Amino acid sequence: MAITANMTTHDGIALTDAYVRVTSTYVKKIGSDWKLVYDVEIYKDKATRDDEATEQSMRINNKHLQHFKTDYDIATSTNPVALAYADLKSNDNLSNIKDA
């Protein structure tokens, strides 16, 4: 699962149809609230992500889109990855979001 989206990096570089993947998710209790914490990685496109030899060196650094947390209802939420993507799709730093 992944999405493509337009964005501007923290360095001011505009990206069109960047390939964005949620790479890790975990649920954590913070105070009395449950939170879903997730990380994302960004690439120029899917082919760049799929090239195992250069994958790590081709990640695009964007401080605005790396580490997130959102509310999590421990009683009713069942799929943390789907919730992470839903939250990511609502991020104001992304536009023209499509499922990849």
Side-chain angles (χ1 to χ4, degrees):
M1 181 177 237
I3 62 172
T4 60
N6 298 345
M7 69 188 77
T8 302
T9 69
H10 65 274
D11 292 323
I13 299 167
L15 302 173
T16 303
D17 292 329
Y19 187 76
V20 184
R21 289 187 60 230
V22 172
T23 57
S24 68
T25 61
Y26 60 94
V27 176
K28 179 178 183 177
K29 189 169 186 178
I30 301 175
S32 61
D33 299 321
W34 288 94
K35 298 290 183 182
L36 170 65
V37 182
Y38 65 97
D39 295 320
V40 302
E41 290 176 356
I42 304 165
Y43 302 90
K44 177 183 82 165
D45 54 30
K46 186 177 186 320
T48 303
R49 160 58 184 103
D50 289 344
D51 185 352
E52 303 239 353
T54 61
E55 180 268 330
Q56 285 190 340
S57 67
M58 297 303 289
R59 291 179 189 164
I60 296 170
N61 187 14
N62 189 350
K63 293 178 186 174
H64 303 298
L65 292 166
Q66 287 182 326
H67 186 75
F68 300 97
K69 67 181 166 193
T70 189
D71 293 333
Y72 187 83
D73 185 344
I74 197 81
T76 61
S77 297
T78 58
N79 187 337
V81 174
L83 181 59
Y85 275 105
D87 184 65
L88 185 60
K89 288 177 180 179
S90 69
N91 189 297
D92 292 339
N93 291 307
L94 299 175
S95 65
N96 196 31
I97 302 164
K98 299 177 211 137
D99 290 328

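Here the structure is a predicted model, which means the values were calculated and not measured. The basis for the numbers below is simple: all heavy atoms, side chains too, and nothing from hydrogens, waters or symmetry mates.
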Indicate yes or no: at least one non-hydrogen side-chain atom of I42 is less than 4.5 angstrom from one of Q66. no

Partner residues of K35 under the side chain to side chain donor-acceptor pair (under 3.5 Å) criterion, sequence neighbours left out: D71

For S32, enumerate each residue passing the side chain to side chain donor-acceptor pair (under 3.5 Å) test, keeping only those at least two apart in sequence or located in another chain. none

Name all residues meeting the side chain to side chain donor-acceptor pair (under 3.5 Å) criterion together with K46; count only those two or more places apart in sequence or in a different chain, and write none if there are none. D50

Any chance you could pull the hydrophobic cluster mates of M58, using side-chain heavy atoms under 4.5 angstrom and chaining through other members? none

Any side-chain heavy atom of M7 within less than 4.5 Å of one from L15? yes

Mind checking what makes side-chain contact (heavy atoms from CB on, under 4.5 Å) contact with L83, not counting sequence neighbours? L36, Y72, S77

Summary of ring pair (Phe, Tyr, Trp, His ring centres under 6.0 Å) pairs that have at least one residue in residues 31-66, sequence neighbours excluded: Y38-F68

List in chain and number order the residues that pass side chain to side chain donor-acceptor pair (under 3.5 Å) with N79, two or more places apart in sequence or in another chain; answer none if no residue qualifies. none

Per the salt bridge (charged side-chain N to carboxylate O under 4.0 Å, His left out) rule, what does the pair list look like for residues 80-91, sequence neighbours excluded? K89-D99

The complete set of salt bridge (charged side-chain N to carboxylate O under 4.0 Å, His left out) pairs with one or both residues in residues 51-64, sequence neighbours excluded, reads E41-R59, E55-R59

Does the side chain of V20 come within less than 4.5 Å of L65's, by heavy atoms? no

Could you tell me the separation between the CG atom of L88 and the CG atom of N93, rounded to the nearest 0.5 Å? 10.0 Å

Return each pair, listed once, that meets ring pair (Phe, Tyr, Trp, His ring centres under 6.0 Å) where at least one residue sits in residues 76-100; pairs must be two or more places apart or across chains. none

If hydrophobic clusters are built from ILVMFWY residues whose side chains come within less than 4.5 Å, do I13 and L94 share one? yes

Does anything in residues 1-30 form a side-chain hydrogen bond (donor to acceptor under 3.5 Å, both in side chains)? List the pairs, not counting sequence neighbours. S24-D39

